[in-house]
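Just below is one structure, and these are the notes that go with it.
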Amino acid sequence: MKKGDHLFLVDGSGYIFRAYHALPPLNRKSDGLPTNAVLGFCNMVWKLVQDARNTNVGVVPTHFAVIFDYSSKTFRSELYPEYKANRSAPPEDLIPQFGLIRQATVAFNLPCIEMEGFEADDIIATYSRLACEAGADTTVISSDKDLMQLVGPTVGMYDPMKDRQIGIPEVIEKWGVPPEKMIDLQALTGDSVDNVPGVPGIGPKTAAQLLEQFGDLDGLLARAGEIKQDKRRETIIANADKARISRELVTLKNDVPLKEGLDDLVLHEPDGPKLIGFLKTMEFTTLTRRVAEATATEIGDVQASAVTVERADTAHGPDVGAGAPPSQRPAAPARNDAAKPPTRGEDAPPQGDTPSLLSALRLEQAAARKIDPSAYSAIRDAAALKAWIAQAREAGILALDAETTSSDPMQADLIGLSMAITPGRAIYVPFAHTSGNGDLLGGGLLENQIPVREALALLKPLLEDRSVLKIVQDMKYDIVVMSRHGIDVAPFDDTMLISYVLDAGTSGGHDLASLSEKWLGHAPAAKKELAGSGKNAIGFDQVDIERATTYAAEQADIALQLWQVLKPRLAAKGLVSVYERLERPLVPVLARMEQRGISVDRQILSRLSGELAQGAARVEEEIYGIVGERINIGSPKQLGDILFGKMGLPGGSKTKTGQWSTSAQLLEDLAAEGHELPRKIVDWRQLTKLKSTYTDALPGFINPGTNRVHTSYALAATTTGRLSSSDPNLQNIPVRTAEGRKIRTAFIAEKGHKLVSADYSQIELRVLAHVAEIPQLKQAFADGADIHAITASEMFNVPVEGMPSEVRRRAKAINFGIIYGISAFGLANQLSIPRDEASAYIKRYFERFPGIRDYIEETKAYAREYGFVETIFGRRIHYPEIRASNPSVRAFNERASINARLQGTAADIIRRAMVHMEEALDKAKLSARMLLQVHDELIFETVEAEVEATIPVVRSVMENAPMPAVSMSVPLHVDARAANNWDEAH
DNA sequence: ACAGAAGCTTA
DNA sequence: GTAAGCTTCTGTT
């Protein structure tokens, strides 16, 4: 073996267990021999031997070996008799596969290596050392953490199941320590599967932290007395011996006396007939065919070979090391497109104007600066805070981030505040961290913190100071939290919204972590690394102050640096007014809407839930009666099998995963043919959907403090400029069916109040008429005529009077189709007509309204040229894939860009209405409060006596919303109604 | 435990 | 044919 060679070492034993559990059961057809792990193994080896180039393994092997455990008795049992003692026997149908995989290895012409007294891992360690000494590189094919100690400059790992490399960065990401400290980490944490004791109560996180602090295990044990936490110090001192023996157990032996030398591991071409013989025996037809093609062997010429199947009582199955490696999240490759050359049209070539230069300069500075946690500190007394506030006043600008206990700003307790004035430096002010040793009372407040009240009293003048700009990522959250403490933070810039205005539609989100990676090339610490996730999550109050400081200060620091890079880009791209008129002013408006919430009647929901439950139970019994067994109706898989398998209904289409489709559309069609079961399934789905998503879920969102439901609006979640609503989503409350509408009756006005609903009529079609300048449509809207009827009349030359409803329906579908970026395929589906008929409709439509064809072509050409489209207010929506070579990807982007101009303009219009609404109501001395937005509808709550006065004000603001920025050539029309509940008001 | 698919709700 | 979010089931290449 020489320099440049590459050795692949497959952890055969580890692979068997992992493949067995990960792969679906598979049995040889002829006799039921279980073979799933064998097939997985063969596929993996074939891929690596034949086609490593097309995997993420990165290199092509020159040497190859598969390593197995020999038996459970190794030198480790001598060292520590309990080692691997509580290992249970492997599953029955895995046992015969141990031997088969060894035979598969031989069939592949690969060395099959095992050694009495040593584990596979020791052999792997030995070969990788020898290879390194020979100047060659090694890839260990495994994801077992026990092998990670081997990772280094010349040794990598590769997880064949996830097609993912594991190098030094991946080890650090997963375990928090570099590979050379894995031994010490495992010595501390132990391993319950292998019965390595470790130190009780020390898990990977604590171990990594201790090793970070003390360097290595010996350092830690020598200086254990310095550990601050009482309990931790004691257990480590008491269990020092266990840690030492554990270290011996997990340390891999790299001087195993091997029979085969490196040169015996040279990779040979596969012997086609020999391998095919084995694969044929196993009845792996696909792989057999593939191997035959690659080795130019005629399958028919090869006889199935004999294999030996070991029986459970003779196999050395129990001896094989279990491989249940912890799952690994694929690491997103670091990406920094800030340095990329500008795309054609989109980013204009570097200009001489100040904003571009400033932006470029800031980017350079940010890229050069390393984020250094040691420049972050905690402020823990009032005097220091006062001094800091004085500096911030002087600076006139300050980034901040509130740390709380909940992602719901209406429930969050404020735990601390981080702030930054100078890039690279930041402070954290802890207010309410607790000792976190977790009894139900939550532990006591830690010392040396400025109490919330006192700290906020000091900070309030700064946060409300009109001459100090506050920079925040996602300001709406902080506004809600701070306003609950009586602080009105202003003025502000929001880095999330600046990014949204600049880059809506480009890949990547607008959250702090994504922006930091994109612009600063730095991945900030994740909150879940401090506070955990899922059911093990702790409140931020329980995170210790030191770690909280590093995390929180970094958040503020990054917000500041992002602002420095992004803000000048707004001016450079002419997007300042979009940000200042459509985004930033909406933040406090939405914050107030969220804070107000809406009243939801629990009793109505609970009554409805009962009715739905009864209804669903009845339909369920009827379904069971027809089907003859109690299947899970909620499982599309089971349903498909029953409908199209057992009952033999004419199955329509399959979904992309090969399942029978059981969509409502398809079931409706079957019902129309006279089948009774599909109808019942559709009914059952409606009832259970209403129950689970609405009547059962909504009461859980009633805030115990306010007795109202507070949705959360996302300003930067959609590509088009629409808002989105979540937790709960109040933008998809049912309205189409009578059953569903009952849910809306539960949304009620306070006593003595009414709900007012005001919605734009046909806003997107009006926008279309305006931007595409279609005379007939403009005229129809000016006349207040029925737009779909006019369209039908134009297309089919029929009078509007006495028009058959079917004719109007088709015209309506075409109008909507235009808004969605029409295709014959889509229209045909919508109207259940043949594709050529739909094509004919579209052709005719374009003949009658040539302006719309022009509009569509112009939009596509513009998007192709610039990579984005704009709304009439200048909002940009990017389509980076508009020039894709894949026709369906390209067509999708074309339709989306056509829709985005219309949907986005409509979204801008209602945003403008919302921004102006409060002042208009104020000026008219009306007390109405805006509660909800549903894309083209606003819902208000107002005292009964003011209803009549409120409606004209609301209507006027909404209808005139485009003014004075844009004067539309088509009038906007708003319908408004008041009632006691949302159903009647709508 | 978590992610993705399927399905359903809205404008 | 556009834009979203939530629930349930399923599988863990």
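In the text below, chain A, chain B and the rest are named by the order of the sequence lines, each starting its count at 1.
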Please classify the nucleic acid contact of A:A813 as base, sugar-phosphate, or nothing, using heavy-atom distances under 4.0 Å. base

Just say parallel, tilted or perpendicular for the rings of A:W982 and A:F747, cut-offs at 30° and 60°. perpendicular

Each nucleotide in nucleotides 8-13 of chain C should get exactly one letter: B, S or -. Can you fill that in based on protein heavy atoms under 4.0 Å? SSSSSB

With a 3.5 Å cut-off and no angle check, do the side chains of A:E937 and A:S757 form a donor-acceptor pair? yes

What is the nucleic acid contact for A:A664, judged by heavy atoms within less than 4.0 Å: base, sugar-phosphate only, or nothing? sugar-phosphate

If you look at every strand shown and take non-hydrogen atoms under 4.0 Å, does A:A900 touch a base, only sugar-phosphate, or nothing? nothing

Given C:dA3, is OP1 or OP2 found less than 4.0 Å from the side-chain N or O atoms of A:T718? no

So, A:Y841 versus A:Y845, ring centres under 6.0 angstrom or not? no

Would you mind classifying the nucleic acid contact of A:S823 as base, sugar-phosphate or nothing, using non-hydrogen atoms under 4.0 angstrom? base

Looking at side-chain heavy atoms only, is the closest gap between A:F846 and A:I818 below 4.5 Å? yes

Is it the case that A:R685 and A:T662 place a side-chain donor and acceptor less than 3.5 Å from each other? yes

Quick one: which of C:dG1, B:dA11, B:dG7 gets closest to the side chain of A:R895? C:dG1

For a quick check under 3.5 Å, do A:T745 and A:N981 share a side-chain donor-acceptor pair by atom type? no

Exercise: identify the closest heavy-atom pair between A:A824 and A:S839: CB-OG, 3.3 Å

The correct set of residues in residues 719-738 of chain A placing a heavy atom under 4.0 Å from DNA chain B is A:R722, A:Q731, A:N732, A:I733, A:P734, A:V735, A:R736

